[in-house]
2 protein chains.
Amino acid sequence: MDRRTPALKSGEALLFLTDEQLRQGIEAMFFAYRGFTADPDRILADLAYGRAHHRAIHFINRAPGTTVNNLLNLLGVTKQSLNRVLRTLVADGLVQSTVGRQDKRERHLNLTQAGHELEQTLSDAQRARMRAAYREAGPEAVAGFRTVLEAMMDNEMRASYARLKDIGP
Amino acid sequence: MDRRTPALKSGEALLFLTDEQLRQGIEAMFFAYRGFTADPDRILADLAYGRAHHRAIHFINRAPGTTVNNLLNLLGVTKQSLNRVLRTLVADGLVQSTVGRQDKRERHLNLTQAGHELEQTLSDAQRARMRAAYREAGPEAVAGFRTVLEAMMDNEMRASYARLKDIGP
DNA sequence: ACTTTATGTCAGTGTTGTTGACACTCCAAG
DNA sequence: CTTGGAGTGTCAACAACACTGACATAAAGT
């Protein structure tokens, strides 16, 4: 059985994507994601924190003052799941949770000084690997990498991604 | 503070990688991986299986007759963790475990007919998304995507990845 | 015979996801 | 103004899946 599939992209040559090519892409994603998380995971293991804490810290740093609900949608977990993580981060003095001024139902989340320091440590580790990979691959490859990843996201996530991108550094 | 870092790649122009660019890459990986696993996860949820079962089935399909130890290294988990998953898959008649002929300590793992059917269902879902992303991004982007992912892996994983790639379809 | 290797199992623990139940706040309809 | 619904956050219990440690068995290697 011939399992090739033709695809026409405007202005592009015909694309033949065999199951084999796609499978290799799938396995590349799997192995690369392991590497992607390996360095922060090592740091977090010593601190009795996990990947969930890292993600929370990352996005609170990205969108300071964000609400719990906002963070929930970004991370794609239930509020109960996020709450456990936030509770420990607040208890450990890494995150500050302040009641909303207009709407007192909301809690606005910010990193404390200690929180910023951990964020920096984790980001540095993750960026180091990303930087090495980017340099090794070269600029054209990086552009393609980003293009494919964006195309792979769900619409909601792509929207979140774009929104964060626009916030700027 | 200027946090740009110059990098020279042979034959390439100087690469300036800001923390902002790297951060975007990190977030792209995060959101894309969510999309990457979303479709199989939905299917598995109805079957009382999880991502761990999917990974086991995927690699048993890729390397039929592989041993437990082999699979362990590929997946990067402990034998206790894998064993729990394999036990249910064998009990449910999706995986067959046969004692090795030369080395009777080893167990060779193969998918049963039912196992192949589930593998096909899961792969089809995951490939559909990958195929759509590949088509949308175009061939040059795909090449870059693969290059960056390979550069992001740990050495061990890159070796596993290459070994699987050589097995062919 | 002794050691190492491959595998399986039991028990215990931690992180991270889930649902269910509940409290507090806001807002709008009566 | 009160009341009810919607939004937001918290607590409790449970499930999935990873981990370590300890131990048993069988077979291969020395």
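Predicted, not measured: the structure shown is a model, and the values here were computed from it.
D:dC17 atom P lies 9 Å from atom CZ of B:R55, rounded to whole Å. Here the C1' atom of nucleotide D:dG7 and the CG atom of A:L71 are 17 Å apart, to the nearest Å. Distance NZ (B:K79) to C1' (D:dA24): 10 Å, rounded to an integer number of Å. For the pair B:N83 CG and D:dA16 C1', the interatomic distance rounds to 16 Å; values are reported in whole Å. Between A:Q80 atom CD and D:dA15 atom C1' the separation is 15 Å, expressed in whole Å. The CZ-C1' distance, from A:R51 to D:dA18, rounds to 10 Å in whole Å.
Here the NE2 atom belonging to B:H108 is positioned 6.5 Å from the CD atom belonging to B:Q102, to the nearest 0.5 angstrom. With values rounded to the nearest 0.5 angstrom, A:S123 atom OG is found 8.5 Å from B:D19 atom CG. Here the CZ-CG distance, from B:R55 to B:L122, works out to 12.5 Å after rounding to the nearest 0.5 Å.
Donor-acceptor pairing under 3.5 Å is lacking for the side chains of B:E119 and B:H54.
Between A:Y49 and B:S97, the one whose closest nucleotide on DNA chain C sits nearer the 5' end is B:S97. Residue B:L86 is the one, among A:S81 and B:L86, whose nearest nucleotide of DNA chain C lies closer to the 5' end (criterion: closest heavy atom).
Panel note: side chain B:R129, backbone B:G35; a donor-acceptor pair is recorded below 3.5 Å.
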Below 3.5 Å is the cut-off: list the nitrogen or oxygen pairs between protein and nucleotides 28-30 of chain D, distance only.
from, atom 1, to, atom 2, distance (Å)
D:dA28, OP1, B:Q102, O, 2.8
D:dA28, OP1, B:K104, N, 3.2

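Tested against B:F30, the residues A:Y161, A:F36, A:F59 include a single ring-ring contact (aromatic ring centres under 6.0 Å, His included) partner, A:F59.
In 5' to 3' order, the nucleotides of DNA chain C bounding all contacts with chain A (an atom under 4.0 Å from a heavy atom) are C:dT15 to C:dC26.
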Table please: side-chain donor-acceptor pairs of residues 70-79 of chain A below 3.5 Å, with sequence neighbours left out.
from, atom 1, to, atom 2, distance (Å)
A:N73, ND2, A:N69, O, 3.3
A:T78, OG1, A:S81, N, 3.3

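Residue contacts shown for A:R84 include a base, since a base heavy atom lies under 4.0 Å away. Heavy atoms of B:H53 sit under 4.0 angstrom from primed sugar atoms or phosphate atoms, though from no base atom.
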* For side-chain contact (heavy atoms from CB on, under 4.5 Å), just list the numbers for B:T147 and A:F145, CA-CA rounded to whole Å, side-chain angles, deciding distance to a tenth of an Å, and then say yes or no. => CA-CA 8 Å; B:T147 304; A:F145 168 73; over 6 Å; no
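For A:E156, the CD atom is loosely surrounded, since the number of other residues' heavy atoms within 6.0 Å does not exceed 12.
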